[in-house]
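To start, the structure under review is shown below, and the notes come after it.
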Amino acid sequence: MKNKLIAEVFREISQILEIKGENFFKIRAYEKAAENVESLPDDIESLAKEDRLKDITGIGKDLDEKIKEIVSTGKLKYLDELKKDIPEGLVDMLKVPGIGPKTAKMLYEKLDIQDVVMLERMAAAGKIRGLEGMGEKTEENILAGIDIYKKGRERLDLKTATDAAYNMIARLKKIKEVKNISPAGSLRRMKETVRDIDILVSSKAPQKIMDAFTGLVDVKDITAKGPTKSSIRTKDNIQVDVRVVEDASYGAALMYFTGSKEHNIKLRQLAIKKGLKLNEYGIFRGEKKIAGKTEDEMYKTLGLSYIEPELREDRGELEASAEARLPDLIKLKDIKGDLHSHSTWSDGGSSIEEMVIGARKLGYEYIAITDHSQSLRIAGGLGTSELDLKRRDMERLSRKYKDIKILFGTEVDIDSEGNLDYPDSVLKEMDIVIGAIHAGFKQPVAAITRRIIKACENKYVHIIAHPTGRLWGSRNEYEVNFEEAFKAARDTGTAFEINSFPQRLDLNDVNARMAKEAGVKIVINTDSHLAEHLGMMKFGIAVARRAWLEKKDVLNTAALGKMALKNLG
DNA sequence: GCCGTTTTCGGCCCGACTGTTTTCAGTCG
């Protein structure tokens with residue numbers, strides 16, 4: 001899969017072109033192409049081979065050739081040429097808040113500033129003030145921006161962002177002038193990581209909201225404060241933007257601030273085609289506002305049915321909405337049980353009984369306790385004699401808790417050759433067998449893919465867990481040839497997991513959608529190591545919704561006896 | 001650079017906030 005590589009090349013080109021001051025729409029063409037290639041469910045190399053690249057929206061004659069060049073040579077002459085004009089560090093400088101392409105270029109030309117390090121030095125030395133359009137305040141802002149750049153290069157994981165946002169919303173709700181309030185932005189779309197938190201409020205007294213918001217106790221800096229829009233950084237270094245609109249525009253504003261940018265652009269194009277104007281205040285025919293109070297009304301006025309926030313990525317949702325073929329997305333309450341969890345028998349922090357109590361609280365019909373296998377010493381993997389003891393423990397609890405089925409399972413290690421860490425005679429006795437890779441991440445893609453396929457081919461393996469191994473913030477995913485892996489999964493009836501842990505979310509939205517299209521069944525699990533982790537299920541559901549999955553695509557929405565697991569009927 | 005039941009050329013989404021510009025450009029989302 002070179003999709004990501006190609007997207008990165010296009011993105012880099014767009015950034016260099018921006019600094020060079022090229023045509024704005026040419027820049028957007030590269031950005032759009034990068035987005036579309038990245039979210040493409042198909043392998044771009046196959047498309048290139050079949051000469052079908054132009055079927056991708058945003059890929060024309062020129063980009064078709066550029067993709068083919070990257071696929072066959074691994075490089076792109078055009079990008080190499082561009083890099084000769086613009087030092088690499090300049091592209092990095094765009095990541096400093098407040099520095100855009102124009103400023104970056106000007107600083108390079110006037111002061112030969114080539115990267116963030118030089119930028120900081122010159123700003124600290126007071127060399128930037130006095131340049132055209134640059135005052136003392138701008139210089140201060142650049143230094144503040146560099147601070148943010150250094151600290152906040154990472155994005156927030158979905159759990160951190162969700163917790164922070166709902167905490168802030170709970171406090172803002174107490175202001176009596178707040179009428180409606182909602183998260184917006186990528187958080188509302190439940191993207192796997194979030195850069196900042198957007199909150200939308202409707203109120204008749206925007207100034208009061210702005211004052212109350214910027215006066216909250218955990219505000220460290222106020223980075224902007226206007227009559228209807230303010231931005232702050234919290235003491236935890238999280239950026240929060242609040243925007244206030246009138247109630248009559250709440251739906252329009254919610255739509256606008258939820259995005260994505262690409263989704264919004266498409267909506268506006270649609271409005272223009274219908275002779276209407278769309279902005280964050282509503283839909284207008286001439287001067288007359290014809291919609292704006294609710295999102296539902298906004299979509300209807302454009303001839304569309306309501307589109308769930310998780311789908312708003314311009315990945316075909318507008319077309320599907322217009323043609324009334326949007327998916328009926330899976331919901332948290334559809335989940336009947338969790339098939340991947342750990343206990344104190346291996347590296348979990350809660351006993352089996354605590355896990356079972358947690359699962360009952362969620363109303364589950366079943367929970368699988370799938371502790372690690374013997375060779376995973378570091379995670380307290382269980383030898384075969386311990387398995388017997390664990391089984392006895394479970395049987396005792398099964399008699400105690402008759403309203404939930406406790407499944408005896410394992411997360412069995414797939415070794416570097418693709419062999420499993422327990423013999424078939426042991427696996428055969430398990431209710432649930434999850435295969436997972438825990439070492440050998442650096443193997444070439446073909447080897448890793450072979451390991452996964454081999455695990456699928458074992459008739460006792462029901463599920464492949466966290467299929468790409470990524471741990472956001474600490475480990476990148478290993479590369480898997482999903483076309484081949486999904487084919488093996490479909491042919492053998494093996495399910496793939498969406499792991500709900502915020503640092504994993506693996507499969508991700510793009511891969512999970514690809515799995516569905518390849519006819520592979522999905523299981524959404526938490527991989528809980530503590531009873532309270534069982535609540536992470538909502539993040540896996542978010543990934544599934546972003547992948548267009550419906551209830552029927554996910555095995556653990558079914559009652560135990562009806563679950564279409566391999567060898568279970 | 002892409003794209004087309006109004007177009008193969010001329011379009012391409014829209015507005016708030018900031019700083020220093022006395023009328024608006026740059027940045028951001």
Side-chain angles (χ1 to χ4, degrees), chain A residues 10 13-14 17-19 21-36 53-67 78 93-107 128-142 144-145 148 184-189 194-200 206 210 214 222-231 239-245 249 252-284 302 314:
Chain A
F10 285 172
I13 291 174
S14 82
L17 292 179
E18 241 187 321
I19 294 168
E22 272 273 1
N23 179 308
F24 172 75
F25 297 103
K26 180 172 168 178
I27 293 165
R28 241 192 52 199
Y30 275 101
E31 274 172 16
K32 180 127 188 63
E35 288 287 330
N36 290 344
L53 291 170
K54 288 200 202 112
D55 294 351
I56 307 168
T57 337
I59 305 296
K61 183 168 172 294
D62 185 87
L63 294 186
D64 169 83
E65 283 168 14
K66 287 195 167 75
I67 292 173
Y78 177 59
M93 266 166 56
L94 298 182
K95 292 184 191 136
V96 175
I99 300 285
K102 297 289 193 300
T103 310
K105 186 180 184 211
M106 195 265 290
L107 291 171
I128 289 175
R129 70 183 75 171
L131 290 176
E132 205 184 321
M134 300 297 221
E136 208 171 319
K137 191 78 206 254
T138 311
E139 205 169 64
E140 277 173 31
N141 284 344
I142 289 175
I148 294 168
S186 51
L187 178 69
R188 182 160 179 250
R189 301 201 311 279
V194 170
R195 206 174 57 84
D196 52 26
I197 292 171
D198 297 305
I199 296 173
L200 181 71
M210 295 289 88
T214 53
I222 301 168
T223 43
K225 186 177 177 188
T228 63
K229 183 182 172 185
S230 298
S231 301
Q239 186 182 326
V240 186
D241 299 344
V242 169
R243 174 71 185 262
V244 186
V245 296
S249 293
L254 193 53
M255 178 186 242
Y256 172 74
F257 287 106
T258 298
S260 65
K261 187 175 154 202
E262 298 299 330
H263 181 86
N264 285 349
I265 290 173
K266 274 266 180 83
L267 286 172
R268 290 207 165 119
Q269 289 170 338
L270 195 62
I272 291 169
K273 257 188 217 159
K274 292 178 181 290
L276 305 170
K277 189 175 85 157
L278 170 59
N279 60 26
E280 66 247 56
Y281 299 107
I283 299 176
F284 298 83
L302 295 172
D314 188 23

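We use all heavy atoms of the structure for the numbers below, so side chains are in, but hydrogens, waters and symmetry mates are not. The chains referred to below are lettered A, B, ... by the order of the sequence lines, with proteins before strands, and numbering in each begins at 1.
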(message) Going by purine N1 to pyrimidine N3 plus the second Watson-Crick contact, or the G-U wobble pair, all under 3.5 Å, which nucleotide sits opposite B:dA16?
(response) B:dT27
(request) Please determine if a side-chain N or O atom of A:Lys66 lies less than 4.0 Å away from the OP1 or OP2 oxygen of B:dG1. (result) yes
(request) Among B:dC3, B:dC14, B:dC12, find the nucleotide with the atom closest to the side chain of A:Lys277. (result) B:dC14
(request) Just do the side-chain contact (heavy atoms from CB on, under 4.5 Å) check on A:Leu270 and A:Lys266 with the steps written out, would you? (result) CA-CA 6 Å; A:Leu270 195 62; A:Lys266 274 266 180 83; over 6 Å; no
(request) Using the side-chain contact (heavy atoms from CB on, under 4.5 Å) rule, take A:Ile128 and A:Thr138 through it: C-alpha gap first, then chi angles, then the decisive distance, then the call. (result) CA-CA 9 Å; A:Ile128 289 175; A:Thr138 311; 5.7 Å; no
(message) Can you tell me if A:Lys102 touches the phosphate of B:dC28, counting only side-chain N or O atoms and a distance under 4.0 Å to OP1 or OP2?
(response) no
(request) Rounded off to whole Å, could you give me the CD-to-P distance for the A:Glu280 and B:dC14 pair? (result) 11 Å
(message) Looking at A:Arg189, is its backbone amide N or carbonyl O close enough to the side chain of A:Ser186 to form a donor-acceptor pair, meaning the two atoms are under 3.5 Å apart?
(response) no
(message) Any salt bridge linking A:Glu31 with A:Lys261? Criterion: basic side-chain nitrogen under 4.0 Å from a carboxylate oxygen.
(response) yes
(request) In whole angstrom, give the distance that lies between atom CG of A:Asn279 and atom P of B:dA16. (result) 8 Å
(message) Quick check on B:dA16: is either OP1 or OP2 less than 4.0 Å from any side-chain nitrogen or oxygen of A:Lys229?
(response) no
(message) Using atom P in both nucleotides, what's the gap between B:dC13 and B:dT20 to the nearest angstrom?
(response) 31 Å
(request) Kindly say if A:Arg268 contacts the phosphate of B:dC12, meaning a side-chain N or O under 4.0 Å from OP1 or OP2. (result) no
(request) For A:Pro101 and for A:Lys137, find the nucleotide of DNA chain B with the closest heavy atom, then tell me which residue's nucleotide is more 5'. (result) A:Lys137
(request) May I ask you to decide whether A:Asp314 forms a salt bridge with A:Lys32, counting only side-chain N to carboxylate O separations under 4.0 Å? (result) yes
(message) Any side-chain N or O of A:Thr138 below 4.0 angstrom from OP1/OP2 of B:dT18?
(response) no
(request) Mind calculating the distance between CZ (A:Phe284) and C1' (B:dC14) to the nearest angstrom? (result) 12 Å
(message) Taking B:dT5 as the reference, what is the distance to B:dC17 when you measure between their C1' atoms (whole Å, please)?
(response) 42 Å
(message) Between B:dG1 and B:dT6, how far apart are the two P atoms, rounded to whole Å?
(response) 28 Å
(message) If you assign A:Lys273 and A:Leu278 each to the DNA chain B nucleotide with the nearest heavy atom, which residue ends up on the more 5' nucleotide?
(response) A:Lys273
(message) Could you tell me how far B:dG26 sits from B:dT21 if I compare only their P atoms? Round to whole Å.
(response) 14 Å
(message) Students often get this wrong, so: under 4.0 angstrom with heavy atoms, is A:Tyr30 touching a base, only sugar-phosphate, or nothing?
(response) sugar-phosphate
(message) In whole Å, I'd like the distance from the CG atom of A:Leu94 to the P atom of B:dG26.
(response) 14 Å
(request) With P as the reference atom in both, quote the distance from B:dC14 to B:dC9 in angstrom, rounded to an integer. (result) 25 Å
(request) Would you indicate which nucleotide in B:dC3, B:dA16, B:dC2 comes nearest to any side-chain atom of A:Arg243? (result) B:dA16
(request) Round to the nearest Å and state the distance from A:Arg28 atom CZ to B:dG11 atom C1'. (result) 11 Å
(message) Whole angstroms only, please: what is the CG-P distance between A:Leu270 and B:dC14?
(response) 13 Å
(message) Can you tell me how the ring of A:Tyr30 sits relative to the ring of A:Tyr78, calling it parallel under 30°, perpendicular over 60° and tilted otherwise?
(response) parallel
(message) Rounded to whole Å, please give me the gap between CG in A:Asp198 and C1' in B:dC28.
(response) 11 Å
(request) Indicate whether OP1 or OP2 belonging to B:dC17 is found under 4.0 Å from a side-chain N or O atom of A:Thr228. (result) yes
(request) Figure out the CG/C1' separation between A:Asn36 and B:dC2, and round it to whole Å. (result) 11 Å
